[in-house]
> 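Handing you this structure, nothing more for now.
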Protein chains: 2
Amino acid sequence: MPEFTPDFLAAQLRAASVKVTRPRLRVLACLSRAASALTHGELEERLAEGEGGGLDRVTLYRVLDSLLECGLAERTLDARGVYRFLLSSIRAAHAAHAHFHCQRCGGITCLEQMVAPVATLPTGFVARQVEIEVRGLCVNCSPVGGAAR
Amino acid sequence: MPEFTPDFLAAQLRAASVKVTRPRLRVLACLSRAASALTHGELEERLAEGEGGGLDRVTLYRVLDSLLECGLAERTLDARGVYRFLLSSIRAAHAAHAHFHCQRCGGITCLEQMVAPVATLPTGFVARQVEIEVRGLCVNCSPVGGAAR
DNA sequence: GCCTGATTGCAACAGGGTTGCATTTGCGGC
DNA sequence: GCCGCAAATGCAACCCTGTTGCAATCAGGC
């Protein structure tokens, strides 16, 4: 896990040939502090609370676009069809294994022991990610597991 | 594969304790003819072309809701975050293998040869579905594959 | 310190999906 | 076959997520 000092973040931006701007630093810092992938809305909220005040909606989208484009961040869809953003360095640690999506509470659990198989694709197709999603009920929500209802 | 005559479809609705209405029959028929999961927009188009004329946008959403609720249909998210609807009976045939989600056009392609592994879960967890999603660009959207741009 | 292209902020828009409400319709009971 | 009522339909209006156009501002190479 790298150090997420402002200087480190600025260096990351420079290394990615992207201009170092205050909004980008703030978004990076926010993402680096997040425990999990955040939606645009969640980021907007957190930025509004932090010092420096709110960030324009559209600017936030474009900052995120630039982070995606330079490879520092990635996005996935959550169960509602909303994009969630996270740092590539964090995501990398989750790429190899499967995830359990609880259909009741929406929680996500890592299944480290379930590893993604190699994709076998028809010619012309290009794979970027392979994701195994197991859906069902987690410990807390299954009648077997514990606190049902 | 069951017979998709109007009578059969009506019987399915009755069996699911749902009123038999013209919109529901038309939507069911359309879904039963579809080769793959359709978006709301695609369904709307097809219904507008068929005899009986267009169906109200909202009505279509509510018809789909009722089909979801009674278990006749299911929905999944495509790579763009748009819902795609399909008959449960058809979906069952796709449960075992992986699917390719094109990140550009949202299209879904079956990867029959990629089979879902058995889920190994922590105790207390209950699995209902295991889904392997390969994301990337399909033949039509990848620069390698064909009609790029 | 200056210049220029990239970035920001604002306004307006687009698509997918939902809600409220009046009207119509399926269908069980008579 | 007719009646009544809950369920379903259609229309209008709305919300949320994400995008586009454009003028003003700023980063950073010179």
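This is a predicted model, so every value here is computed, not measured.
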> Which two nucleotides bound the region of DNA chain D that has atoms under 4.0 Å from heavy atoms of chain B, read 5' to 3'?
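The contact span of chain B on DNA chain D goes from D/dA6 to D/dA12.
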> Taking A/Arg24 for its side chain and A/Lys19 for its backbone only, find out whether a donor-acceptor pair lies under 3.5 Å.
yes
> Want to settle it: does B/Arg57 or B/Lys19 sit nearer the 5' end of DNA chain D, counting the closest nucleotide to each?
B/Lys19
> For chain A and DNA chain C, what are the first and last nucleotides along the strand, 5' to 3', with at least one atom under 4.0 angstrom from a heavy atom of the protein chain?
C/dG5 to C/dA11
> Taking B/Ala37's backbone N and O only, do any of them form a donor-acceptor pair with B/Arg84's side chain (distance below 3.5 Å, no angle check)?
yes
> Quick one: are B/Thr120 and A/Leu111 in side-chain contact, heavy atoms under 4.5 Å?
no
> I want to check something: taking the side chain as every heavy atom from C-beta on, are B/Leu31 and B/Leu43 in contact at a cut-off of under 4.5 Å?
yes
> If we fit an axis to the first five pairs and another to the last five of the helix from C/dG1-D/dC30 to C/dC30-D/dG1, what angle do they make, to the nearest 10°?
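Taking five pairs per end, the axes differ by 30°.
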> State the CG-CG distance between B/Leu28 and B/Leu13, to the nearest 0.5 angstrom.
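Nearest 0.5 Å value for the CG-CG distance: 5.0 Å.
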> On DNA chain C, does the nearest nucleotide to B/Thr21 precede the nearest nucleotide to B/Tyr83 from the 5' side, or the other way round? Give the residue.
B/Tyr83
> Under 30°, 30 to 60°, or over 60°: which ring-plane class applies to A/His40 and A/Tyr61, parallel, tilted or perpendicular?
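If you compare the ring of A/His40 with that of A/Tyr61, the planes turn out parallel.
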> Taking atom CD as the centre, does A/Glu69 end up with more than 12 heavy-atom neighbours from other residues, nucleotides or ligands that are less than 6.0 angstrom away?
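It does not: A/Glu69 CD has 12 such atoms or fewer within range.
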> Does any N or O in the side chain of B/Ser88 come within less than 3.5 Å of the main-chain N or O of B/Leu72, such that one atom is a donor and the other an acceptor?
yes
> Please figure out whether B/Gly41 or B/Val20 has its closest DNA chain C nucleotide nearer the 5' end.
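Nearest-nucleotide comparison on DNA chain C picks B/Gly41.
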> When clusters are formed by joining ILVMFWY residues with side-chain heavy atoms under 4.5 Å apart, either directly or through shared neighbours, do A/Leu38 and A/Leu68 land in the same one?
yes
> May I ask you to check whether A/His97 and A/His99 place their ring centres under 6.0 Å from each other?
yes
